[in-house]
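Note sheet for the following structure.
Lettering of chains follows the sequences in order, A, B, ..., and the numbering in each one begins at 1.
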Amino acid sequence: MAGVAVSTTINGDSVEYLCQPDETLLDVLRDRLGLTGAKEGCGTGDCGACSIILDDRLVCSCLVLGAEAEGRRVETVEGMAHGEKLHPLQQKFLEHAALQCGICTPGFLIAAKDLLAKNPDPTEEEIRFGLAGNLCRCTGYDKIVRAVQDAANVMKGA
Amino acid sequence: MNFDPRFSGRKFASVGTRPIRPDGVDKVTGRARYGADFNMAGQLVGRVLRSPHAHAIIRKIDTSKAEKLNGVKAVITAADLPDLTDGDAGMYDILDNCMARTKALYDGHAVAAVAAVDARTARQALKLIEVDYEVLPHVTDVDEAMKHTAPVLNDAVFTEGLEQKPVKPSNVAKRTQYGHGDVHQGFAQADFLVERSFKTEQTHQGYIEPHACVASVSSDGTADLWVCTQGHFVYRQHCAQLLGLEASKLRVTSSEIGGGFGGKTHVWAEPVALALSRKAGRPVKLVMTRDEVFRASGPTSATSIDVKIGARKDGTITAAEATLRYTSGPYAGMWAELGAMTAFACYKLDNVKTVGFEVLVNRPKTAAYRAPSAPMAAFAVESAVDELAKEIGIDPVDFRIRNAAQEGTRASYGPVYGPIGIGPTLEAAKHHPHMKAPLQVNQGRGMACGFWFNFGGQTCTDLNIGMDGTVSLAVGTVDVGGSRASLSLVAAEELGIDYSHVKAIVADTSSLGYNDMTDGSRGTFSSSMATISAARNAIKILRDRAAQMWDIPVDDVVWENGQALARGEKYGNLSPLSLKEIAAQSGKTGGPIAGHSELVADGAGVSFATHICDIEVDPETGATRVLRYTVIQDAGKAVHPTYVEGQYQGGAAQGIGWALNEEYIYGKDGRLQNAGFLDYRIPVCSDLPMIDTQILEIPNPNHPYGVRGVGETSIVPPLAAIANAVSNAAGVRMTHIPMSPPRILAAIDAERG
Ligand code: FES
Ligand code: FES
């Protein structure tokens, strides 16, 4: 099969790649571009471990084709920190121990970033429903919700 | 001087604080490398062909077409994994499970595998492999499998543990029995009796990271394996034995692990990846899909349990008995036995008897799932205990307190308990505000207790002191949930230095001596013991070096708060030497300073928990909502309390999913119908409330800091606690887990008549 040439923007950088027409954006990120922050937990849109932001919309990158990124903006977990400075969500996830194994963490961070961009002052219930597309099997979500609440407070104050 | 593991009751500076974990930043920035995040130059993609049948003879496999496909570099079947197990039945089962030899024993059983230049070619190649199956009748239900009429999975299996060897093979691999006293006599003394049968369905650990590995075998007999596992040393042993490699020539590196909960304690795909790499002469990466994880890794047992408990009017239990039947997949296990051991472990009983049956079925091979086998037994027993309390007319907490095991009680599974936490967790529950909170209509409160043994085992640790005075700690127990933080705290505590100066890593199998799995809640318990021992060995050297620097006898040097002190008036003018100062001079005083430790961590203290929960049941739909949840558990000593809370919360959440929703659903054809997260639905954020925790600390006398394992007990009480709450809310006793809406509705309808 002939490859598709794609020009896109990932975490603010212009990126070009060739991919197969049936290749997912998740596979492109992980296998072609070495951006392994997004994880594959299911490949069917059910776990959120592969969450990325595509033109300001939260999507499962396992359900997007690599070719669909043409001309769009992709944000992954690798783009959240600025140099040494962690994003408040990253910092609060660490402080609250909102990760145990951490495999779900990149997806949660991206989903939470998207949530707070749309709703900077969410209630507990809004956080719980906002993050309901992301599975975590380790934490019982308690510390994740608290970390997001705390980060929201910090970001409001900023 | 030998290492003294006894509890010393010291004051702590580092242990008990809550610093950020050393591997944290990598995990929030996406830099941490998990099983599937690693690649080798020239690597191929491995894929596995799986049986679509629950039970079938493999007559013939034709791989010739697949081999001819452009880009395919190796195709293997069982013939490429010859039997080197030398009569070791357990290893033979592992081998047969990795690649079916004569029969496919469950839907998803591996029958062949390919390595190709890319995923698409590998997938195509699988389609070109022709397998000629002779489909056999199958059985997936535990009670059905025990019947005489059931299809027998393995003609060589004759029930073990009976007085006489049976004349016919059957699906009952083993019978085990525990207990003491005379239950007949005990029941005769009872004023009240409860007798009930329960069922639980099969669940999966549901770790979010699928199994993944990269294998590379060289023609000189050396090999490398990168893999997500709970025990890379055990994987090395098993893979080396199955592949005929020398263990020391196979280096296994454990990646970051994206959840295991017992499910990453067995090799499934790794020997296959190694065999593919050996045949292809190139590295092979093999990553399971989610569908494969459900169908072909190791879920927990489905069970069927009968319980009978009798008590006097005053609330004293006079006798308790249980029969427990657990599926183990197509191979023998010890799952019912663990159920039989744990069932009544919370109670002080004069007359107790439990009998377990290991039952073979056409389902994937059962693996451990967090306190394996205990939650189902606790569900049955704690449900019956609740019901009995009601019949007698005693508060269920008081009833349990009255009968709780204590220090000196002979456990139902044999040993005599030391200091234990069941009584204290019950007292804490009794006085917890949760117990008094008001409930509305259709809401019910439930509580239940749980027990887990905890394991210790073989452990090895290296502690190296750098010339800049910082410490690198190499451990061999995989970090499944923050243990590098806990172990760094322990090293800092023992040496008397700051946590920030310790960096813990998990070493590969070529860099450190053998370590058992991270299972049985042993990670922090046993590696902290080895870390304390290694630190004490390092301190001996540090004292010796200080003595050299001062030119005084080493016996006059003591170690306090991270520095060497010269003891005695005559040394009044010698100012203390810090670890950093001693380390800086190490090149001149005898070379690098390190402490090593190899030990068998005995005396893992048993662990108990009590959970309380409130559930609302919609009587029209059978839908449930968890309103409030409280976990009270003994940690011995919480090294890093935040991660201890995390273990409590995570186990409770898994238990909630198991109790209310999760189950393997098999069709009549023996195929798994819900092999994905959409249809096998684990709890999501909006399903749960905050999970409150209360950590009790009843020191383990067999650990210097009093630590007990904390990882597993938290999944034991939820099934029962929730069943009791649902039963109270719905006004009908629930006996089948999961309590999905249709089951609850059916129970309500049956009650209404
Ligand atoms: S991997 Fe994309 S949702 Fe699970
Ligand atoms: S921390 Fe392990 S899945 Fe969320």
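- For A:Glu95 and A:Lys92, the salt-bridge test passes: some basic side-chain N is under 4.0 Å from an acidic carboxylate O.
- Counted by atom type alone, A:Asn11 and A:Glu75 present zero donor-acceptor pairs between their side chains at under 3.5 Å.
- In this structure, no portion of A:Glu23 lies under 4.5 Å from any heavy atom of chain B.
- Using a 4.5 Å cut-off between heavy atoms, B:Pro689 contacts chain A through its backbone alone, with no side-chain atom that close.
- Of the residues considered (A:Ala97, A:Gly37, A:Cys47), A:Ala97 shows the highest number of contacts with chain B, using heavy-atom pairs under 4.5 Å.
- Under a 4.0 Å N-O distance rule, the pair B:Glu616/B:Arg628 does not qualify as a salt bridge.
- In this structure, B:Arg625 does not pair ionically with B:Asp687, as no charged nitrogen and carboxylate oxygen lie closer than 4.0 Å.
- Heavy atoms closer than 4.5 Å to chain B are found in both the backbone and the side chain of A:Phe129.
- The aromatic rings of B:Tyr207 and B:Phe261 sit parallel to each other, their planes meeting at less than 30°, with 60° as the upper class boundary.
- Taking the six-membered ring where the residue is Trp, B:Phe38 and B:Trp226 present parallel rings, their angle staying beneath 30° rather than reaching 60°.
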For this session: Would you please test A:Glu126 and A:Asn119 for side chain to side chain donor-acceptor pair (under 3.5 Å) and show each step?
Result: CA-CA 9 Å; A:Glu126 285 167 340; A:Asn119 180 359; 3.1 Å; yes
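- Only the backbone of B:Ala32 comes within less than 4.5 Å of a heavy atom in chain A; its side chain stays farther off.
- Ranking B:Gly259, B:Pro210, B:Ala653, B:Gly206 against chain A, the residue ahead of the rest is B:Gly206, based on heavy-atom pairs under 4.5 Å.
- Note: B:Gly646 leads B:Gly24, B:Gly646, B:Ala485 in heavy-atom pairs under 4.5 Å with chain A.
- With chain B as partner, the option from A:Thr76, A:Thr44, A:Leu131, A:Val77 having the largest number of non-hydrogen pairs under 4.5 angstrom is A:Val77.
- For B:Gln124 (side chain) and B:Thr121 (main-chain N/O), no donor-acceptor pair under 3.5 Å exists by modelled atom type.
- Contacts of B:Glu209 with chain A are made by both backbone and side-chain atoms, with heavy-atom separations under 4.5 Å.
- Residue B:Gln205 touches chain A through its backbone alone, counting heavy-atom pairs closer than 4.5 Å.
- A:Glu40 touches chain B through its backbone: at least one of N, CA, C or O sits under 4.5 Å from a heavy atom, while the side chain does not.
- Using a 4.5 Å cut-off between heavy atoms, A:Leu109 contacts chain B through its side chain alone, with no backbone atom that close.
- Note: B:Ile682 leads B:Thr289, B:Ile682, B:Asp26 in heavy-atom pairs under 4.5 Å with chain A.
- Heavy-atom pairs under 4.5 Å with chain A were tallied for B:Thr29, B:Val287, B:Asp692; the largest tally goes to B:Thr29.
- Between the side chains of B:Ser486 and B:His640, no donor N or O sits under 3.5 Å from an acceptor N or O.
- Looking only at distances, a side-chain donor or acceptor of A:Asp55 sits under 3.5 Å from a matching main-chain atom of A:Arg73.
- Between chain A and the residues B:Val684, B:Val293, B:Thr642, the largest count of heavy-atom pairs under 4.5 Å involves B:Val684.
- With a 4.5 angstrom heavy-atom cutoff, A:Leu99 touches chain B via backbone and side-chain atoms both.
- Looking at A:His87, neither its backbone nor its side chain comes within 4.5 Å of chain B, counting heavy atoms on both sides.
- B:Ser255 places no side-chain N or O within donor-acceptor distance of the main-chain N or O of B:Ile257, the cut-off being under 3.5 Å.
- Chosen from A:Asp27, A:Leu135, A:Thr105, the residue pairing most often with chain B at heavy-atom distances under 4.5 Å is A:Leu135.
- With respect to chain A, the highest number of heavy-atom pairs below 4.5 Å among B:Arg290, B:Gln649, B:Arg21 belongs to B:Gln649.
- Salt bridge B:Asp37/A:Arg30: present, at least one basic N to carboxylate O contact under 4.0 Å.
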